[in-house]
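This chain uses plain numbering: 1 for the first residue, then up along the sequence. Bear in mind that the values here come from a model prediction, so they are computed numbers and not experimental data.
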Amino acid sequence: MGGWAIAVHGGAGVDPNLPLERQEEAKQLLTRCLNLGISALRSNLPAIDVVELVVRELETDPLFNSGRGSALTEKGTVEMEASIMDGPKRRCGAVSGLTTVKNPISLARLVMDKSPHSYLAFSGAEQFARQQGVEVVDNEYFITPDNVGMLKLAKEANTILFDYRIPTNGTCGSGVESPLKMNGLPLSVYAPETVGCVVVDGEGRCAAATSTGGLMNKMTGRIGDSPLIGAGTYACEVCGVSCTGEGEAIIRGTLAREVAAVMEYRGLELQQAVDFVIRQRLDEGMAGLIAVSSKGEVAYGFNCNGMFRGCATQDGFMEVGIWE
């Protein structure tokens, strides 16, 4: 075994004009979450517990698009989704359409541990949450003034916004057609801020977790890649992967599973697998991912101009960054 390793992300595709203050806030949050995970790993917590712990922390902070601070639907409400996967036996749990559950990732964990199913959504997921006694709050808890303002801009521009905190003097609503598209439809901005964590513990067990509020001004009922096992999240005996970016492209490319597949079937090392998948499996989509291997390796990759990410390994390596 190569020891433990951990990586976190706060979304791929970053506005190049993002204010330095916002960049520093993101780096501080990623560093705090990394240190939380490192402390847990040093205490010999299993990988599956560590990814849940770290993503809960990300969901609680409104900086990124998950939990409190989630993007708003076209109706001004929040519909959150999350998934978690335990590598050794490929156990998994996922949830979508949550409107009151304070920490979606923990409900996904309960679906895995306490239900006969792998995926629950909307009213069924909410009912299960109440049966399990998880903390619930009013939908207003998740809504921030920033989100309300960006939803207004999105509606004025008649578009979906990926990054709902980009300064308003950017392309949004400016009438400038963007070359970026989703399923052939133009977007004004590309910078999603889904969160995720991947961990391999000291026993070589891999796990992955991903959580998001989705797209600003998305249609109600839209489900992205984050709760889809094999697309946004995957973990098995060889690696753990969490993706972020253009959900529809990640779904088409089954991105997270592809990393494991090329390692298993082509014998690629972790970083080679990540690079191959980012180059070959996204078509015209934009995305990024973080990954760990059972050997204690950590890797990341993205094909857009930045990704909020951080990683650390047992041998003392630690890195937090945004740009290439």
Name of the residue among T254, V277, V238 meeting side-chain contact (heavy atoms from CB on, under 4.5 Å) with V259
V277
Distance-only, no hydrogens or angles: does the E57 side chain make a donor-acceptor pair with backbone N or O of L36 under 3.5 Å?
no
Side chains of T212 and S226, donor plus acceptor under 3.5 Å
no
Please report the closest heavy-atom contact between A125 and L98, naming both atoms and the distance.
CB-CD2, 3.6 Å
Report yes or no: do S66 and S211 form a side-chain donor-acceptor pair below 3.5 Å?
no
Could you tell me whether the side chain of T73 and the main chain of K75 form a donor-acceptor pair under 3.5 Å?
yes
Does the Lys NZ or Arg CZ of R309 fall within the cation-pi geometry relative to F302 - under 6.0 Å from the ring centre and within 45° of the axis?
no
Using side-chain heavy atoms (C-beta onward) and a distance below 4.5 Å, is L120 in contact with Q127?
no
So R205 and I48, do their side chains get closer than 4.5 Å, heavy atoms only?
no
Do T233 and T210 pair up side chain to side chain, a donor and an acceptor below 3.5 Å, judged on atom types alone?
yes
So do R130 and T100 actually touch side chain to side chain, heavy atoms under 4.5 Å?
yes
Sub-4.5 Å side-chain heavy-atom contact between K218 and E79
yes
Nearest heavy-atom approach of M286 to C304 is SD-CB, 4.3 Å
So which atom in M307 and which in G301 form the shortest heavy-atom distance, rounded to 0.1 Å?
CE-O, 4.0 Å
Is any side-chain heavy atom of L289 closer than 4.5 Å to a side-chain heavy atom of Y234?
no
Heavy atoms, side chains only, cut-off 4.5 Å: are Y119 and I223 in contact?
yes
State whether the number of non-hydrogen atoms from other residues, nucleotides or ligands found under 6.0 Å of R56 atom CZ is greater than 12.
no
